[in-house]
Protein chains: 2
Amino acid sequence: MPARIAKPNARSKLLDAALSMIRAKGYCATTVDELCAAAGVTKGAFFHHFKNKDELGVAAAEHWSEVTGALFAAAPYHDHADPLDRVLGYLAFRKALLQGSVPDFTCLVGTMVQETYDTAPAIRDACDRSISSHARTLEADIEAAMRDRAMSPDWTPESLALHIQAVLQGAFILAKAKGGPQVAADSMDHLTRYLTLLFRAGGEIPNP
Amino acid sequence: MPARIAKPNARSKLLDAALSMIRAKGYCATTVDELCAAAGVTKGAFFHHFKNKDELGVAAAEHWSEVTGALFAAAPYHDHADPLDRVLGYLAFRKALLQGSVPDFTCLVGTMVQETYDTAPAIRDACDRSISSHARTLEADIEAAMRDRAMSPDWTPESLALHIQAVLQGAFILAKAKGGPQVAADSMDHLTRYLTLLFRAGGEIPNP
DNA sequence: GATTACATACCAACCAGTCGGTATTTTTAA
DNA sequence: TTAAAAATACCGACTGGTTGGTATGTAATC
């Protein structure tokens, strides 16, 4: 008998449906009825598991953190010996994820926070936690890469990790505007070039 | 008698109200009734000027292009002699615009395209036109800066101009998540650093 | 036997959009 | 020059469908 097949109850079916539906249509345009229909559950089940729609939004952001957290934790870029290669590998991995249609590769919390930061503080906070904790997974490698090169710049590992997230989020917006991933891939290439130049410049010791 | 005082009719009052309300609450959460109340006009006036809500969304994106287009056209960064200084001046200008509360400095079309790219193609196209035409205003200076340094890189002026927009849009998302402009300013600093490194590296001729 | 997990029917508020009507401006024409 | 005519700009009550949310009931599980 398999250890645990994660019986799909109404709650997890709703959360999974929320991830794709909110990414496609946005949080506000996602109605409870439609979400229940997509998840194959009834409205009664929805309001049994979530006090209201906003609580689903918070839970969706947390679910997103878990799903993507597992994805990135298992990704191969962690295997590089050089910490800078791990950061660049992270970006290559993100670029490789640009597959399928636009809602398939864009970010739930980046989409949600735009709509909710002024109207639903609880959702905004959940989105912030998701983005910030993901950015934090890069900080150790950035710091190690700085230490290797004895850099003492006027920016912090945290600010660079957040900048990387900003570029990714912005790349998704452009991809939505243009209807395809190409512009996002190009932007990620520019970001990779920045990191390469930045750490090359910082580590460069002038040869007399 | 003054030449023209631009009598505020219902249409322009609605468009002005739309710019701030949609930036604060998003497109979907902005109701026609609320918008009319904020603009001080009636619902009849709304549907006299706009066939439906989506048509207002398109008109709002175009209005945004006009307002911001005039702002950037009149900005002082165009006065620099060096084209790279003009691009860096543009970024400094964008950073200086990070004043007031978050909805005051974020971008209407970046917000709208997230919600509408799948549900309202007409609005999505209008947002794309707004972003792309704004990016295009940077291309000539980028190209001139490349020419000055005899660069022949594997990226185009268009891709760099779009990357700049991506960083700005992403910076706004992070500002919304964190509730303030600091993280956006930091990201713009990283972008400025990228441009500096990029054009320094490209123009560098090794001294033997 | 009691708490959890769902299902069904229902509701009040709200939503985009309509419609008949009035005020104002512009066009036409005597 | 001006008055009639026509078009535009705006008003506000109304509507029908939708929305988030509730009340009540039942089946499964601990």
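Naming: A, B, ... by sequence-line order, numbering from 1 per chain.
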Fill in: Which residue lies more 5' along DNA chain D, comparing A:F46 with B:V41 via nearest heavy atoms
B:V41
Worksheet item: When the ring planes of A:Y194 and A:H163 are compared, do they come out parallel, tilted or perpendicular, using 30° and 60° as the limits?
Response: perpendicular
Worksheet item: Roughly, in whole Å, what's the span from CD in A:E55 to P in D:dG21?
Response: 10 Å
Fill in: Distance, rounded to the nearest Å, where B:L14 contributes CG and D:dC11 contributes P
10 Å
Worksheet item: In whole angstroms, how far is the P atom of D:dG20 from the CZ atom of A:F47?
Response: 7 Å
Worksheet item: Between the side-chain atoms of B:K43 and the base atoms of C:dA16, is any donor-acceptor pair under 3.5 Å?
Response: yes
Item to complete: Round to the nearest Å and state the distance from B:N52 atom CG to C:dC15 atom P.
Response: 17 Å
Practice prompt. Indicate the ring-plane relationship of A:F93 and A:Y77, choosing parallel, tilted or perpendicular according to the 30° and 60° boundaries.
Written response: tilted
Response to the item:
Of the candidates C:dA5, D:dA9, C:dA16, the side chain of A:H49 sits closest to C:dA5
Discussion item. Given 3.5 Å as the limit, does a donor-acceptor pair link the side chain of A:H80 with the main chain of A:V87, or not?
Written reply: no
Worksheet, complete the sentence: B:R11 atom CZ is separated from C:dT24 atom P, nearest whole Å, by 22 Å
Worksheet entry | Whole-Å gap separating P (C:dC19) and NZ (B:K51) | 15 Å
Worksheet entry | Closest to the A:D33 side chain, choosing from D:dG20, C:dA7, C:dC15 | D:dG20
Worksheet entry | Between B:Y90 and B:H134, ring centroids under 6.0 Å | yes
Fill in: Touch class at under 4.0 angstrom, heavy-atom based, for A:T42 against every strand present
base
Worksheet item: Taking atom C1' of C:dT25 as reference, at what distance in whole Å does atom CG of B:N9 sit?
Response: 13 Å
Response to the item:
When rounded to whole Å, the NE2 to C1' distance for the pair A:H48 and D:dA23 reads 15 Å
